[in-house]
Protein chains: 2
Amino acid sequence: MQLEEGKERFIEAWGALGSSWGVTRTMAQIHALLLVSNVPKSSDDVMEELQISRGNVNTNMRMLVEWGLAYKKLIPGERKEFFVAEKDMSKVVKSIVIARKKRELEPMLRLLDELTGVDGNDAAAEDFRHVIRDLKLYSHKADSALDALVKVDSNWFFSTFLSMIK
Amino acid sequence: MQLEEGKERFIEAWGALGSSWGVTRTMAQIHALLLVSNVPKSSDDVMEELQISRGNVNTNMRMLVEWGLAYKKLIPGERKEFFVAEKDMSKVVKSIVIARKKRELEPMLRLLDELTGVDGNDAAAEDFRHVIRDLKLYSHKADSALDALVKVDSNWFFSTFLSMIK
DNA sequence: CCCCACTTTCAGTATTTACTGAAAGCTATG
DNA sequence: CATAGCTTTCAGTAAATACTGAAAGTGGGG
């Protein structure tokens, strides 16, 4: 396979994968483009290579930076902004976990807290509170586990985790 | 808060949460409805309570069953099919992990295998292969970790995992 | 073997989500 | 302090996704 074809297929696949991980298709494609590029890219470069509009590039670039999946790279003598990808996959995963935890898990925990206070002493209310309590317990565990995951070094995590389960 | 209001808010929130986990909004809402209901529900019940069409209920119900998030429950003397939710959250998470791993991670692993074979001996091709090799290594680790996760008992997992990272 | 109660399918439609492009906003430089 | 070079914003539009409802399919009971 030729290098160019390889890059294209990778960008496409990374976009598809991203879109099911809360990263939009285009955001993931820009990340992929930067990943397989050894030089920093400007908005114009990305516009041309992915055939997308300036506004789209700008919005998604800023999102990538916000999520910690790409960085601005200023090139001396250039007024344009250039970008490079975060290439350490453990950092990429951590960033995504953190962003989604905040967006999704934390609001759910808050809701579950509220819902343990529903009125009523009948069986129906008791049952409801029981389900909610179970979920809350589980969600808190998941929350702690994810917190831990993003704190530890990924090599340590994987090697220890895998040796645990062998 | 009244029980009914609590249930409604829970169904709505669970739907929103699900929709960012690859489970569609409606699918998650049906699951939530079954979760907070202690009796099995028929299609007609769900249609009425969530105000959605028969086709929609049918499609999403079958998906829930396919994913292992709900089960058919036959009630003697009834011709209708009834459904109950899987209430064990560790099973719910496992089911979702398995479904998504198959859909997403495995195709990516296959692609990465192909891409290590791109032609060329120049620096550009070497760099590309290097990025791909890194991703492959990381993806395989993630794949193994997820395989392990779905195999182990969740209480064991959490307690051991948390004690590791303390 | 046909009817009735139910389930499934799917073309059409509605809703949500993402993208475009032009205009407005910055900011370094002369 | 005016302009050129670049970035940001956002109303309008396109594309993707989910839902509806009616018609077709299925199978148990009479």
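None of these values were measured; they are calculated from a predicted model. Letters A, B, ... are given to chains in the order of the sequence lines, protein chains preceding strands, and every chain is numbered from 1. Only this structure's heavy atoms are used, side chains among them; waters, hydrogens and symmetry mates stay out.
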Atom-pair distance ([atom1] on [X]; [atom2] on [N]), nearest Å:
X	N	atom1	atom2	answer
A:L50	C:dT20	CG	P	10 Å
A:F83	D:dT7	CZ	C1'	9 Å
A:N56	D:dA16	CG	P	13 Å
A:E78	C:dA28	CD	C1'	14 Å
A:I30	C:dA18	CD1	P	13 Å
A:F82	D:dG5	CZ	C1'	13 Å
B:N60	D:dT20	CG	C1'	13 Å
A:R54	D:dC10	CZ	P	18 Å

>> Quick one about A:S42 and A:D45 (side-chain donor to acceptor, distance below 3.5 Å, no hydrogens or angles considered), yes or no?
In response: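 Side-chain D/A pair, A:D45 to A:S42: present.
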> Can a side chain N or O of A:N58 be found less than 4.0 Å away from OP1 or OP2 on D:dT7?
Replying inline: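 Checking D:dT7 against A:N58, no side-chain N or O comes under 4.0 Å of OP1 or OP2.
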> Does the side chain of B:R62 get closer than 4.0 angstrom to OP1 or OP2 of C:dT9 through an N or O atom?
Replying inline: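 For C:dT9, OP1/OP2 do have a side-chain N/O of B:R62 under 4.0 Å.
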> Less than 4.0 Å between a side-chain N and a carboxylate O, is that true for B:D134 and A:K87?
Replying inline: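 Looking at B:D134 together with A:K87, the answer is no, because their closest N to O distance does not fall below 4.0 Å.
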>> Whether B:E12 and B:R9 form a salt bridge (side-chain N of Lys/Arg under 4.0 Å from carboxylate O of Asp/Glu) is what I want to check.
In response: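 B:E12 and B:R9: not salt-bridged.
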Any idea which of [options] is nearest the [X] side chain?
X	options	result
A:I52	C:dA18, D:dA18, C:dT20	C:dT20
A:S53	D:dC19, C:dC19, C:dT7	C:dC19
A:T59	D:dG21, C:dA18, D:dT9	D:dT9

> Of B:K73, B:K41, B:K72, which meets salt bridge (charged side-chain N to carboxylate O under 4.0 Å, His left out) against B:E81?
Replying inline: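 Answer to the salt bridge (charged side-chain N to carboxylate O under 4.0 Å, His left out) test with B:E81 among B:K73, B:K41, B:K72: B:K72.
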> So with a 6.0 Å cut-off around CE of B:M63, is the heavy-atom count from everything else above 12?
Replying inline: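 Result for CE/B:M63: open.
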> More 5' along DNA chain C: A:R25 or A:R79, using each one's nearest nucleotide?
Replying inline: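 Closer to the 5' end of DNA chain C: A:R25.
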